[in-house]
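Scope of the values below: all heavy atoms of this structure, side chains included, with no hydrogens, waters or symmetry mates. Each residue takes its place number in the sequence, starting with 1.
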Amino acid sequence: MFVFFSSYFQPTNLLKPYLYEYLSSPHPDDEQRQTFQNLAMTCKMNIIRGYKAGGRRIPPLYLEIKNVIEGRMTKRQMFYFPGNMTITKKVMAGTTMMDVIEDICQELNIVESEEIEEYSIYASVEKNNQIVPLKHKDYIMDVITHFDCQKVEYSFIFKKVLWYRPIKIQSSLHAVVLYNQMRPEYLHSIPAEGDYNSISPDNKWLIIQLAALQHRADDKVDVPIIRDLTNLIPTVIVDAGKKQQWLNAVDDKLQTMKHMSKEEAMMAFIEHVEKLPMTGSNLFVIKSVSGAVVHESCVLAVSNYGIFLLDKKTKDCILKHPFTEIVSTRRLRSAQNKWFVDVKCGNLMVQKVTRLETEQGSEITTLISQYIQAQVDNKYEQPPETDVIPERRKKISQVRSPPSSPQPTSENKFFGRRTEKSQQSSGENILSMPSSRKTSVASNGDASGYMTSIPSSSRHIPIEEEMASPNATKKPKSILKQRPVSMKSETLNDLNQTIQQNNTSYHPIMGYGSHK
């Protein structure tokens, strides 16, 4: 049982040296020495991880306790890579998400700590098609217990989240993982420039080159046909017309790549796409946006340059905010059961709240928090901005968005591009703002909330609230509050609405639904 106790509780500074000495001492029985030494090392590692991650927060279920008592200390858990590839890892009671990330990165031959921190694990829930971001300090057995209590199907996804550092291919498996993640982002996030005849020669050559590399990476023998273009060329460009001309150009380019292998094609594709400014952007569907700038649904792109609102069809940038202008973010739910994300942007003088209606609020706020935290920890700097707003929408956006300091411009039409170490833009840094008084925010007269500023010494933490309603009765937000140990992680609280019932109680061994 001490294996479980060491996962949940940490000894005091007075007890710690004596406990470490006891766990390190050899067992007097030679026959059972190896067995007890393995258990002692497991307990010691649980204590060390507890000091870093704070200890587990959810009591174990009966099945986990039974397996440990019977000597089964590990559990085989499957993780998904982009492209539906899988890898299986052994996890224990005290294994954190960071331990799993480091273990998987070791399989990919990634050894630098700064590069490892750019990867994360997400939980995909099949019931409502929801993606739940998991923190590095979350215990994986806590997450598994949480989903098992809800009786929902779930899976874990490993992917690259931050894109500050230049890409270094460490192994063939690493190349496959990055290729499967970067390919759909390239096909769905590049801005439209027109048909085959109106695109500039440089961009036309790059699009044809990337299409041929993708066909070689798929290891196909047959020549591509017209219906294959949607998987080789960005959608907005294919829809513009001239498909036969694109097909002929790609076929001609393939003639020069006959002797290129599948792995070489993947690495060449990654090398070319990495140079594109839009690389590493995470895209989210936004149903509606408050204000007069955006009048319909759009796409939110979050990259190392900040957040961008893009036109859903053309992918042109409508509105942008660098991370240095973001004061805070929070999730809200209205009385009509609609989810929103409030993004408070501005500077010391002017601030504005943009409300986004989306079901992916938890993933958005966590991703913004990770990017800002990396800058707060002085690991990276905000890259210089580029002119990403087309001229036809530039005047509207400048009038509606908060004023900012002058930034260097570029003729590149794409949005954002990461650099290894670039000079931070001038002006006030919003991350070092002192705490300000609360500001009331209204939502079309039927809801209100409060925004909080970010203290200079703390990390950016997304806030989750339920929008106030005059006749709404307040319900417990999380089932985890009913457990013996309080739950501190905000990322798992999004899936608890269906479990809290009036006649449901928690039994420490049988779990939820027990009336014993």
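In the model, Asp99 has a side-chain atom that pairs as donor or acceptor with a side-chain atom of Thr96 under 3.5 Å. His174 and Gln170 share no side-chain donor-acceptor pair at under 3.5 Å. A side-chain donor from one of Tyr164 and Gln375 sits under 3.5 Å from a side-chain acceptor of the other.
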### Task
For the pair Phe284 and Leu367, evaluate side-chain contact (heavy atoms from CB on, under 4.5 Å) and give the outcome as yes or no after the intermediate values.
CA-CA 11 Å; Phe284 307 95; Leu367 184 60; 4.0 Å; yes
### Task
Quick one: do Lys168 and Glu112 satisfy side-chain contact (heavy atoms from CB on, under 4.5 Å)? Show the steps, please.
CA-CA 11 Å; Lys168 299 178 182 179; Glu112 296 184 10; 3.9 Å; yes
### Query
Passes salt bridge (Lys or Arg N to Asp or Glu O under 4.0 Å), Lys160 versus Glu274? Steps please.
CA-CA 13 Å; Lys160 185 177 175 66; Glu274 182 189 9; over 6 Å; no
#### Entry: Ile307 vs Val343, side-chain contact (heavy atoms from CB on, under 4.5 Å): CA-CA, chis, key distance, verdict
CA-CA 10 Å; Ile307 61 175; Val343 182; 3.9 Å; yes
### Query
Are Phe147 and Tyr154 close enough, and set up right, to give a ring pair (Phe, Tyr, Trp, His ring centres under 6.0 Å), and what steps lead you there?
CA-CA 7 Å; Phe147 289 131; Tyr154 63 92; 5.0 Å; yes
### Message
As a quick check of understanding, evaluate side-chain contact (heavy atoms from CB on, under 4.5 Å) for Lys159 and Asn282, giving each step before the final call.
### Response
CA-CA 11 Å; Lys159 60 183 293 187; Asn282 295 267; 3.9 Å; yes
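In this structure, the separation between CE on Met182 and CH2 on Trp163 is 5.0 Å, given to the nearest 0.5 Å. With rounding to the nearest 0.5 angstrom, the CD1 atom of Ile87 is 5.5 Å from the CD1 atom of Ile104. Here the CZ-CD distance, from Phe4 to Glu64, works out to 4.5 Å after rounding to the nearest 0.5 Å. With rounding to the nearest 0.5 Å, the separation of CG in Leu19 from OG1 in Thr12 is 9.5 Å. Residue Ser290 holds its OG atom at 7.5 Å from CG of Asp342, rounded to the nearest 0.5 Å. Of the inter-residue distances, the one linking Leu310 atom CG with Leu283 atom CG reads 7.0 Å to the nearest 0.5 angstrom.
Using a distance-only test at 3.5 Å, with no hydrogens or angles considered, no donor-acceptor pair links the side chain of Thr365 to the main chain of Arg330. Side chain of Ser120 to backbone of Leu134: no donor-acceptor contact under 3.5 angstrom is found. Judged by distance alone, the side chain of Tyr186 and the main-chain N or O of Thr279 form no donor-acceptor pair under 3.5 Å. The backbone N or O of Glu363 sits nowhere less than 3.5 Å from a side-chain atom of Thr366 that would complete a donor-acceptor pair. Using modelled atom types, one side-chain atom of Thr145 and one backbone atom of Met141 make a donor-acceptor pair closer than 3.5 Å. For Asp142 (side chain) and Arg57 (main-chain N/O), a donor-acceptor pair under 3.5 Å exists by modelled atom type. Side-chain N or O atoms of Gln77 include none that pairs as donor or acceptor with a backbone N or O of Val91 at under 3.5 Å.
Judged by the 6.0 Å and 45° rule, Lys16 forms a cation-pi pair with Tyr51.
Met98 places a side-chain heavy atom less than 4.5 Å from the side chain of Ile116. Between Glu325 and Asn347, every side-chain heavy-atom pair lies at or beyond the 4.5 Å cut-off. Residues Thr358 and Lys287 fail the side-chain proximity criterion, which asks for heavy atoms closer than 4.5 Å. When side chains are defined from C-beta on, Tyr22 does not count as touching Cys43, because their heavy atoms never get closer than 4.5 Å. A heavy-atom distance below 4.5 Å is found between the side chains of Leu300 and Leu309.
Screening Tyr80, Phe79, Tyr119, Tyr122 against Phe158 for a ring pair (Phe, Tyr, Trp, His ring centres under 6.0 Å) leaves a single residue, Tyr119.
For Phe323 and Tyr371, the gap between ring centers is short of 6.0 Å.
In terms of heavy-atom proximity, Phe308 sits nearest to Lys320 at CD2-CB, 3.5 Å. Heavy-atom minimum distance, Cys149 versus Leu61: SG-CD2, 3.9 Å.
At a threshold of 4.0 Å, the pair Glu102-Arg49 does not count as salt-bridged, since none of the basic side-chain nitrogens sits closer than that to a carboxylate oxygen.
A 6.0 Å sphere centred on CD of Glu153 holds no more than 12 heavy atoms belonging to other residues, nucleotides or ligands.
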